[in-house]
Amino acid sequence: MTESVDVLIIASEAPRFAHPGDAGADLTAAESVVLGPGERALVGTGVSIALPSGFAAFIVPRSGLAARHGITVLNAPGTVDAGYRGEIKVTLLNTDSTDSYTVNVGDRIAQMIVMPVPEVRFVPVESLPGSARGADGFGSTGYAQKNEGAQA
Ligand SMILES: O=c1ccn([C@H]2C[C@H](O)[C@@H](COP(=O)(O)OP(=O)(O)OP(=O)(O)O)O2)c(=O)[nH]1
Ligand SMILES: [Mg+2]
């Protein structure tokens, strides 16, 4: 596993790790916007990066904004491809049905996680190998804890 990775960056305000060892680096807004109830907006961060090949960055919500204000990232996790050189933008969504939310320049609006991603080749086959789950999904194992008498 790679210990550290260098990500080239041009930024008005660089993403920052709040604590050493944090997975997510906070992204700040480079523009102000008011999100009305239920509204979304594409918010610039002023950050452009060049990831090494074999890596991607994922834009995910901040839990505090979500829990306190209902602000989330609509397309979470937003995917930043290694070859992308444009400005990283965040699609913020105000899920609150009554309150507006104001984003000011410099506010920490989301976080970015850099992760290794393998090069994938899709290999066409006639049939797939068997597995314990098979084609079961979409709630096939039930929802509540089984020992609480929930229906499967
Ligand atoms: O939250 C996001 C998601 C994506 N991007 C940038 C980086 C990414 O490499 C590029 C394309 O993203 P994606 O593939 O998700 O969007 P698309 O709608 O498929 O656009 P495209 O046709 O350009 O791939 O947009 C962001 O800045 N923020
Ligand atoms: Mg795409």
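In each ligand, atom 1 is the first atom listed, and ligand 1 is the first ligand listed.
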What residue and heavy atom of the protein are closest to [atom], and at what distance?
atom	result
atom 25 (O) of ligand 1	Y84 CE1, 4.0 Å
atom 1 (O) of ligand 1	N75 ND2, 3.1 Å
atom 4 (C) of ligand 1	T79 O, 3.2 Å
atom 2 (C) of ligand 1	K89 O, 3.6 Å

Review point. Is atom 17 (P) of ligand 1 less than 4.0 angstrom from at least one protein heavy atom?
Key: no

**Study point:** Per-atom contact, atom 27 (O) of ligand 1, protein heavy atoms, under 4.0 angstrom
**Key:** yes

Point to revise | Distance-minimising heavy-atom pair for D26 and R62 | key: OD1-NE, 3.7 Å

Check your understanding: Looking at P61 and A76, what are the two nearest heavy atoms and their distance?
Key -> CD-CB, 3.7 Å

**Study point:** Non-hydrogen atom of T91 closer than 4.0 Å to ligand 1
**Key:** no

Practice item. State the atoms of ligand 1, each with its element, that fall below the 4.0 Å cut-off from a heavy-atom position in G78. Key: 1 (O), 3 (C)

Study note, to complete from the structure: A student checking ligand 1 against I88 at a 4.0 Å heavy-atom cut-off should list atoms 27 (O)

Review point. Can you find a side-chain donor-acceptor pair between T98 and D96 that sits under 3.5 Å?
Key: yes

Review point. Do D81 and ligand 1 have an N or O pair less than 3.5 Å apart?
Key: yes

**Study point:** Within 6.0 Å of CG in D6, more than 12 heavy atoms from elsewhere
**Key:** no

Point to revise | Partner of L51 under side chain to side chain contact (heavy atoms under 4.5 Å, CB included), chosen from D81, I9, V114 | key: V114

Check your understanding: Do any N or O atoms from the side chain of E87 and from the backbone of T45 form a donor-acceptor pair under 3.5 angstrom?
Key -> yes

